[in-house]
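What follows is one structure encoded as structure tokens, with my remarks underneath.
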Amino acid sequence: MKTRITEIFKIKYPIIQGGLAYLAYAELAAAVSNAGALGQITAMSLESPEALRNEILKVRNLTNKPFGVNFAIGQYNRPFEQMVEVAIEEKVEVISVTGGNPKGVLEMVKGHPIKTLVLVAAKRQAQKAEELGADAVIVVGHEGGGHLGRSDTGTIVLTPKVVDSVSIPVVASGGIVDGRGLMAGLALGAEGIEMGTRFIATKECVHAHPVYKQAILDADENATVVIKRSLGAPARAIKNSWTDKILELEEKEVGYEGLKEYISGRANRNYIYDGKADLGFGWVGQGALGIQDLPTVQELIDRMMIEAEEVKNKWSM
Ligand SMILES: Cc1cc2nc3c(=O)[nH]c(=O)nc-3n(C[C@H](O)[C@H](O)[C@H](O)COP(=O)(O)O)c2cc1C
């Protein structure tokens with residue numbers, strides 16, 4: 001399965017593991033890269049530039065395949081430049097950027113042998129990323145887990161629109177959990193797909209508490225909600241009494257000050273690390289509905305390729 005994405009990022013399959021705050025560390029990233037896709041570690045979940053350097057070295061010990069470092073630059077109150085510097089010094093193959101203007105990161109990376117991915121949720125953002133020199137864009141639809149675009153536009157609508165508006169390759173993301181989703185993304189004109197939620201429900205996502213993984217397995221059509229809309233930063237999480245409280249506070253227009261304790265990294269970790277089901281929140285996408293098991297990453301990717309082949313065979317009938 002060759003596309004410009006497999007060529008540019010030197011991967012066997014056009015599948016990318018999305019940045020996952022507090023979850024995407026060396027074990028997961030290396031497992032994904034070893035399985036022929038692109039694994040990533042999430043820089044902003046690490047305490048310091050030196051912690052990032054150590055995590056990069058840890059991945060290098062676990063795989064000799066390319067991997068990426070994800071920078072969610074808008075969501076954390078700390079400078080990211082030193083961390084980008086570390087990624088450049090350690091010669092990581094790929095840097096992805098989300099949550100803010102990617103200009104600064106792309107300028108820092110320019111001239112280095114590093115490929116860049118920018119996450120977008122609208123046609124204009126994709127065109128801007130192309131103008132700034134990104135190698136590819138990832139378009140994230142409203143089904144996705146974690147932070148979303150403000151427009152509520154789903155993956156099936158957004159992907160072809162973005163594909164038609166840029167000449168760099170596009171990766172489809174949001175709601176994709178299997179080989180059918182991979183083929184759907186390709187049919188929409190994307191040249192690869194990104195998954196977040198599906199990779200949480202794997203054996204190598206060792207930081208995710210069993211309660212969190214079980215909530216993904218148990219998800220039905222009403223299992224997720226979008227919170228933080230009132231802050232202009234909509235994000236999809238598993239619905240629980242904590243997110244009910246957040247929505248109630250948002251309804252009362254309490255603003256950031258009134259919400260900060262509820263949407264903090266601490267509240268996030270209460271749920272995803274400690275399994276405190278009603279004392280915090282966990283990002284989950286609507287795709288959880290299609291997740292029924294906790295395979296290894298290798299089993300997941302192998303199965304996706306079989307499913308993709310099955311779709312292809314049906315198409316050729
Ligand atoms: C738990 C969680 C944490 C996330 N953290 C980040 C992050 O730090 N950086 C980022 O670029 N995207 C982040 N995302 C978004 C994912 O990388 C990806 O775009 C999204 O999960 C795709 O939708 P899906 O969950 O339906 O696969 C996160 C998503 C989840 C579910």
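Everything numeric in this text was worked out from a predicted model, so none of it was measured. Start at 1 and go down the list; that is how both ligands and their atoms are numbered.
- Proximity of Y212 to ligand 1, defined as any heavy-atom pair under 4.0 Å, is confined to the side chain (atoms from C-beta onward).
- Less than 4.0 angstrom separates some heavy atom of M195 from each of these atoms of ligand 1: 27 (O).
- Taking a cutoff of 4.0 Å between a charged side-chain nitrogen and a carboxylate oxygen, R269 and D274 do not qualify as a salt bridge.
- A ring-centre distance under 6.0 Å is found for Y25 and H207.
- The distance from ligand 1 to the heavy atoms of T42 drops below 4.0 Å at these ligand atoms: 8 (O).
- Remark: aromatic rings of W242 and Y271 are distant, center separation not under 6.0 Å.
- Within the set S173, A72, G144, the minimum heavy-atom distance to atom 22 (C) of ligand 1 is found for S173.
- Interface of G18 with ligand 1, defined as ligand atoms under 4.0 Å from a residue heavy atom, comprises 17 (O).
- In the vicinity of G175, heavy-atom distances shorter than 4.0 Å reach the ligand 1 atoms 24 (P), 26 (O).
- In this structure, the separation between CG on D178 and CZ on R198 is 8.5 Å, given to the nearest 0.5 Å.
- Between E194 and ligand 1, a contact under 3.5 Å exists for at least one N or O pair.
- Interface atoms of ligand 1 facing I200, defined by a heavy-atom separation under 4.0 Å, are 1 (C), 31 (C).
- Within the set G19, G146, G196, the minimum heavy-atom distance to atom 4 (C) of ligand 1 is found for G19.
- Ligand 1 places these atoms under 4.0 Å from at least one heavy atom of T98: 9 (N), 10 (C), 11 (O).
- Classification of D218 and K213 as a salt-bridged pair fails, no side-chain N sitting under 4.0 Å from a carboxylate O.
- With salt bridges taken as basic N to acidic carboxylate O contacts below 4.0 Å, none links E307 and R180.
- Checking only distances, V140 never comes within under 3.5 Å of ligand 1, N or O to N or O.
- Heavy atoms of T197 found under 4.0 angstrom from ligand 1 belong to the backbone as well as the side chain.
- For the pair D278 and K245, the salt-bridge criterion is not met [side-chain N within less than 4.0 Å of a carboxylate O].
- Once rounded to the nearest 0.5 Å, the distance linking CD of E309 with CE of M1 reads 7.5 Å.
- Shown here is K123, whose NZ atom has no more than 12 heavy atoms of other residues, nucleotides or ligands within 6.0 Å.
- When the shell of 6.0 Å around CG of L62 is examined, it contains more than 12 heavy atoms from other residues, nucleotides or ligands.
- Heavy-atom contacts of N70 reach the following atoms of ligand 1: 7 (C), 8 (O), 9 (N), 10 (C), 11 (O) (cutoff under 4.0 Å).
- Interface of A21 with ligand 1, defined as ligand atoms under 4.0 Å from a residue heavy atom, comprises 3 (C), 4 (C), 5 (N), 6 (C), 7 (C), 8 (O).
- Not a single heavy atom of R198 sits closer than 4.0 Å to an atom of ligand 1.
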